[in-house]
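Okay, structure first, notes after.
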Amino acid sequence: MPQIFPPNANAFARWALLGGGAFVVVLIIALPIYARTINNAVGVPVAQPVAFQHNLHVAQLGIDCRYCHTTVEVAAAATVPDTQTCMSCHSQIRVGTPELAVVAASWELDTPIPWNKVHNLPDYAYFNHSAHVNSGVGCSTCHGQIDQMAGIWKNESLTMGWCMDCHREPERFLRPRSEVFNMAYVPPTDQRTLGLELVAAYHVSHEKLYQCSVCHR
Ligand code: HEC
Ligand code: HEC
Ligand code: HEC
Ligand code: HEC
Ligand code: HEC
């Protein structure tokens, strides 16, 4: 019988099997991680129809977050401003520049600017801005230093694990309510003492923060 396989075929087959096995293992580990990074593109600015710059409008011009995100203290959603909010200035400032063409068209045609969402939890997870803001959780704790960003990106993964990391021990993060909109806030060295004081002062309920039904209702 002539040999079909060369003498080193066995070794080759072994290595091929091993290699194939390792490849499958790597694939099984890597795919979910890859899927997460696609969904949670932390740190990657999201492209927008208008190159609106937070750093220019907030840090340079000094416009308050609440001028545009009007409901952040009173409702679940912070909301993105309508075109009229932009036109309160841009009906006079920089009229006719190409950078503002989409804003002008939106105003004339009375159609909203199609902003792309940067933060978007799945429908089965409930979030509420007012509850956090009024309990002394600063915008920058979750969104980072928005006043320094030109384009906006997600600063945190927004996974359940991330939410729970704070819900287990909110005293690690709370600040006085007066500092919620301070983008450059630095916690004191003794954050724990301050945090526990604020948990009591703002009636933050540790028990409530654990319950599945708080976020999955
Ligand atoms: C002059 C209006 C204006 C002001 C002031 C402003 N924003 Fe915005 N903000 C916008 C617009 C328009 C968008 C949507 C476009 C974008 O994401 O860049 C937005 C988007 C955002 C988003 C992302 C929304 C999403 O899609 O998930 C966050 C977070 C945010 N702003 C936080 C802040 C914070 C914090 C402040 C104050 C430091 C602030 N903004 C001040 C107009 C404003
Ligand atoms: C309180 C006034 C004010 C509001 C409200 C405002 N802007 Fe502006 N914006 C300005 C000023 C002032 C400048 C120009 C700064 C400069 O001359 O460099 C500017 C610049 C811009 C530019 C750059 C224009 C260019 O020619 O380079 C864009 C884009 C822009 N704004 C978009 C928006 C959008 C979108 C909104 C609404 C979400 C908005 N602005 C709301 C005051 C405002
Ligand atoms: C505890 C974390 C946390 C804090 C504090 C927080 N945000 Fe958010 N923000 C989120 C999450 C999570 C979303 C996405 C909500 C969703 O998809 O349902 C979001 C979404 C947004 C949006 C998009 C519109 C919307 O409501 O979905 C804006 C604008 C925004 N936040 C602005 C702010 C501003 C301004 C502050 C401070 C006054 C702030 N946020 C404080 C976590 C936070
Ligand atoms: C940095 C701390 C922190 C982070 C991060 C955080 N939370 Fe909270 N959350 C709090 C505090 C503090 C309260 C207020 C509890 C109270 O009032 O008793 C709260 C309350 C809530 C409530 C109750 C609202 C109500 O109607 O009473 C919900 C829902 C909630 N959080 C969802 C989330 C979700 C979803 C995430 C993640 C996307 C998240 N939180 C991330 C600190 C945090
Ligand atoms: C502080 C808010 C919060 C609480 C409390 C909470 N979850 Fe979640 N959960 C979320 C968010 C936000 C997501 C979606 C983000 C993600 O994919 O991690 C999620 C996702 C999930 C998922 C989808 C699977 C996954 O990992 O993507 C399941 C199942 C789940 N939660 C079950 C629970 C159970 C059971 C409890 C109670 C022990 C609970 N959750 C408590 C916020 C919360």
Side-chain angles (χ1 to χ4, degrees), residues 39-42 44-107 112-160 162-167 170 173-175 177-185 204 209 214-215:
N39 285 331
N40 304 314
V42 175
V44 182
V46 174
Q48 297 292 357
V50 181
F52 175 79
Q53 296 169 309
H54 275 80
N55 53 0
L56 169 71
H57 289 84
V58 176
Q60 282 185 44
L61 299 175
I63 311 176
D64 191 279
C65 310
R66 286 162 284 189
Y67 186 86
C68 292
H69 305 297
T70 48
T71 57
V72 74
E73 288 176 300
V74 292
T79 69
V80 166
D82 57 14
T83 305
Q84 186 163 11
T85 311
C86 313
M87 290 310 278
S88 64
C89 292
H90 288 294
S91 58
Q92 283 113 45
I93 297 165
R94 298 262 169 163
V95 181
T97 61
E99 284 79 5
L100 284 159
V102 172
V103 180
S106 150
W107 182 243
I113 300 169
W115 301 111
N116 293 313
K117 283 191 178 177
V118 181
H119 305 77
N120 201 4
L121 294 179
D123 287 342
Y124 58 81
Y126 174 76
F127 182 77
N128 186 316
H129 273 93
S130 66
H132 290 88
V133 171
N134 294 317
S135 298
V137 188
C139 313
S140 63
T141 301
C142 300
H143 293 302
Q145 279 197 262
I146 295 275
D147 64 328
Q148 306 294 313
M149 301 178 186
I152 300 291
W153 58 80
K154 241 188 317 190
N155 207 50
E156 299 289 348
S157 62
L158 306 189
T159 56
M160 176 166 144
W162 174 75
C163 308
M164 291 312 289
D165 194 44
C166 175
H167 275 215
F173 301 97
L174 299 193
R175 49 173 98 170
R177 275 181 196 141
S178 56
E179 301 295 331
V180 162
F181 292 91
N182 179 356
M183 293 295 125
Y185 181 77
V204 172
L209 292 182
V214 168
C215 303

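We count ligands from 1, going down the list as the structure has it; atoms in each ligand are counted the same way. Heavy atoms only: backbone and side chains are in, while hydrogens, waters and symmetry mates are out.
The atoms of ligand 1 that sit less than 4.0 Å from any heavy atom of Val80 are 13 (C), 14 (C). Of all atoms in ligand 2, numbered sequentially from 1 with element shown, those under 4.0 Å from a heavy atom of Tyr67 are 5 (C).
When heavy-atom distances to ligand 2 are checked against a 4.0 Å cut-off, His57 comes that close only through its side chain, counted from C-beta outward. Contacts between Thr85 and ligand 2, counted as non-hydrogen atom pairs separated by less than 4.0 Å, involve the backbone only. At a 4.0 Å heavy-atom cut-off, ligand 2 does not touch Ile113 at all.
Closest to atom 36 (C) of ligand 1, if we only count protein heavy atoms, is Cys65 SG, 2.8 Å. Ranking the protein heavy atoms by distance from atom 2 (C) of ligand 1 puts Cys68 SG, 1.9 Å first. In this structure, the protein non-hydrogen atom closest to atom 32 (C) of ligand 2 is Leu100 CD2, 3.6 Å. Atom 4 (C) of ligand 3 has its closest protein heavy atom at Cys142 SG, 3.3 Å.
Looking at every heavy atom in both residues, Leu174 comes nearest to Ser135 through CD2-O, 3.4 Å.
Expressed to the nearest 10°, the angle at atom 8 (Fe) of ligand 3 joining NE2 in His129 with NE2 in His143 is 180°.
At under 3.5 Å, a nitrogen or oxygen of Leu121, whether backbone or side chain, sits near a nitrogen or oxygen of ligand 3. For Trp162, no nitrogen or oxygen atom sits less than 3.5 Å from a nitrogen or oxygen atom of ligand 3, counting backbone and side chain alike. Remark: ligand 3 and Ala78 share an N or O pair separated by less than 3.5 Å (distance only, no angle test). Between Trp115 and ligand 1, a contact under 3.5 Å exists for no N or O pair.
For atom 8 (Fe) of ligand 2, the set of nearby N, O or S atoms under 2.8 Å includes none belonging to Cys89.
Shortest distance from atom 8 (Fe) of ligand 2 to His90 is reached at NE2 (N/O/S atoms only).
In this structure, Asp64 has a heavy atom closer than 4.0 Å to ligand 1.
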